[in-house]
Amino acid sequence: MKMLQEALREIQRGSAEIIDIQRVEKLLKAYFEEGKTYTVKAGFDPTAPDLHLGHTVLLQKLATFQKYGATIQFLIGDFTAQIGDPTGKSVTRKTLSALQIQENAKSYKEQVFKILDPQMTEVVFNSEWINALGASGMLSLTTTYNVARMLERDDFDKRYKSGTSISISEFIYPLLQGYDSVHLKSDIEIGGTDQKFNLLMGRHLQRAYEIGKEQSVLMMPILEGLDGVQKMSKSLNNYIGVADTPNDMFGKVLSISDELMWRYYELLSAKSLNEIEVLKSGVANGSLHPKTIKEELSMEIVERFHSKEAAQNAKDEFERVHSNSQIPTDIDEFSCDEEIWIAKALVDCNMAPSTSQARRDIKQGAVKINQEKISDEQLQLSSGEYILQVGKRKFAKLKVN
RNA sequence: GGUGAGAUAGUCAAGUGGCCAACGACGGCGGACUGUAAAUCCGCUCCCUACGGGUUCAGAGGUUCGACUCCUCUUCUCACCA
């Protein structure tokens, strides 16, 4: 009974909304009492296999479910990708070749199994059953829903009212996503809050097809990026990629604000709620320094995507460079054949976008050579080896012959 | 198809003949303070070995000593009507 309560808490942790929590409770109960397993579905788009931490929020939740007996239906939407999810998008997608999809799926697996247990995960492609549906199957699928209800969906509604075009195929998208749940007989589906309509479609269609159950739906919020305000995304350049180097990853996590740190703990850490509670009260009463807690989080995340060793190295390196302001161990090396003007050298070493910017940096006291701040914009570097530094984090080694 | 409005740096947005490399805001970068945090404060933010020079305000022409500002055409965006 205690186990059940705790499982429920962990499952609800960080979620934005859960529909039909009672059913989730029943499934858990059946697991704890009779060892019965159940399925949790999550769909992914095969177009973007390079994940960042924002995507892993869902994965983390799936991992929690696995801990409590779920088999994950990891669905790669290779068929639906041809349509493009209309959610929040206005541009039509280019279609992917089968080969590309296979490749993307492969790199998905590599990244995803760092979090999920492969033993309890089925990777499935929806083209398999959707292609089998045929024209008549597709037609009967469309009879389960009507235009008026389709237009209830927020973004359709807005687009319709504002006169922006909505293609019929976009109407099909939620239907197909819902049909996936029919085929897979999913017990629970999880997704981002922006997916609400599509997720509910699964419930609707499971009822319409009379498969004897209606999936519960769990929605996770969108993770804020490094700035703490906007959602984490590649285009806003406020993301931490799961493929980032250990040092980058460590530094990025450490650079988030204290407030945001708790959010990351809630959504990303594998620590239990109780453990996190201990940390929180420790910080509140001053017995724990927030920086230490943040370091722990950074370590945990680096460890998850790289290794324990890499995490420790990243931490040591970070301390070397930033706490003791030493030179990092690995820095890019460049060389040139003759005496070179400092501003030009900075541009050549990718440390400044233009000589104008380089001059400004020098003027502002941001440039150091061999740890010494310089102020002479006209400085010429004669032959020798130099460690160049711009600001706090850009380093390069330059060899002048 | 008709009518009207508009297009300015990474984004938003001033500027309606010279004072404009272009107000301001956001973002970004650097500095101070720190825990490479946040908050705060300060500076910078087209390019060029530069007290000077070059190229910019959707594109192409034109008027003028001089244009982001006026005229013509082109492209694109938006609103209303059909």
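Reckoned from all heavy atoms, side chains included, excluding hydrogens, waters and symmetry mates. In what follows, chains are A, B, ... by sequence order, proteins preceding strands, each numbered from 1.
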Rounding to a whole Å, what distance do you find between A/L226:CG and B/A37:C1'? 12 Å

B/C80 and B/U16, which share atom name C1', separated by this distance in whole Å: 26 Å

For atom CD1 of A/I362 and atom P of B/U49, their distance in whole Å: 12 Å

When rounded to whole Å, the CD to C1' distance for the pair A/Q357 and B/G43 reads 12 Å

Counting only side-chain N and O atoms of A/S356, is one of them less than 4.0 Å from OP1 or OP2 of B/C48? yes

The nucleotide from B/C33, B/A38, B/C48 with an atom nearest the side chain of A/K392 is B/C33

For atom C1', what is the distance between B/G27 and B/C12, given to the nearest Å? 10 Å

From the options B/G30, B/C48, B/A38, select the nucleotide whose nearest atom is closest to the side chain of A/T355. B/C48

Both distances below 3.5 Å, Watson-Crick or wobble geometry, any strand: find the nucleotide opposite B/C80. B/G2

With sequence neighbours left out, which residue pairs that include part of residues 51-68 of chain A fulfil the salt bridge (charged side-chain N to carboxylate O under 4.0 Å, His left out) condition? none

Counter-base of B/G52, judged by Watson-Crick or G-U geometry with both distances under 3.5 Å: B/C48

Nearest whole Å is fine: how far is B/A38 C1' from A/Y264 OH? 14 Å

In whole Å, what separates the P atom of B/C57 from that of B/U8? 11 Å

Ring centres under 6.0 Å, that's the criterion: do A/Y179 and A/Y209 meet it? yes

If I pick the C1' atom on B/G53 and the same atom on B/U49, what distance separates them, to the nearest angstrom? 12 Å

In terms of the nearest nucleotide of RNA chain B, which residue is placed more toward the 5' end: A/L254 or A/K344? A/L254

Looking at A/E189 and A/R203, is there a salt bridge between them, counting it only when a charged N and a carboxylate O are closer than 4.0 Å? no

A/D258 has its side chain closest, among B/A37, B/C47, B/G30, to B/A37

Assign A/G391 to base, sugar-phosphate, or nothing according to its heavy-atom contacts below 4.0 angstrom with the strands shown. sugar-phosphate

Any carboxylate oxygen within less than 4.0 angstrom of a Lys/Arg side-chain nitrogen, looking at A/K106 and A/E103? no

Partner nucleotide of B/A32 by Watson-Crick or wobble geometry (both distances under 3.5 Å): B/U40

Quote, to the nearest angstrom, the P distance that separates B/G54 from B/U63. 23 Å

How far, in whole Å, is B/U74 from B/A25 if one measures between their C1' atoms? 34 Å

Determine whether the aromatic ring centres of A/Y68 and A/Y31 lie less than 6.0 Å apart. no

Could you state the atom-to-atom distance from CG of A/L379 to C1' of B/U49 in whole Å? 13 Å

Kindly assign one of parallel, tilted or perpendicular to the pair A/Y145 and A/F197, based on the angle between their ring planes and the thresholds 30° and 60°. perpendicular

Can you check the A/D227 CG to B/A37 P distance for me, whole Å? 16 Å

Respond yes when some side-chain nitrogen or oxygen of A/R360 is under 4.0 Å from OP1 or OP2 of B/C47, and no when none is. yes

Starting at NZ of A/K294 and ending at P of B/U34, how long is that distance when rounded to a whole Å? 17 Å

Distance criterion of 3.5 Å, no angle test: do you see the side chain of A/Q364 paired donor-to-acceptor with the base of B/G43? yes

Please measure how far the P atom in B/A39 lies from the corresponding atom in B/C26, and state the result in whole Å. 12 Å

Would you please classify the geometry between the A/Y239 ring and the A/H52 ring as parallel, tilted or perpendicular, with 30° and 60° separating the classes? tilted

Given atom CG of A/D348 and atom C1' of B/U49, what is their separation to the nearest angstrom? 14 Å

Could you check which of B/C48, B/G30, B/A38 has an atom nearest any side-chain atom of A/K394? B/G30

Contact class for A/Q380 vs. all strands (heavy atom < 4.0 Å): base, sugar-phosphate, or nothing? base

Suppose we define a pair by two distances each less than 3.5 Å, Watson-Crick or G-U wobble; what does B/A25 pair with here? B/U11

For B/C70 and B/U64, measure between their C1' atoms and round to the nearest Å. 10 Å

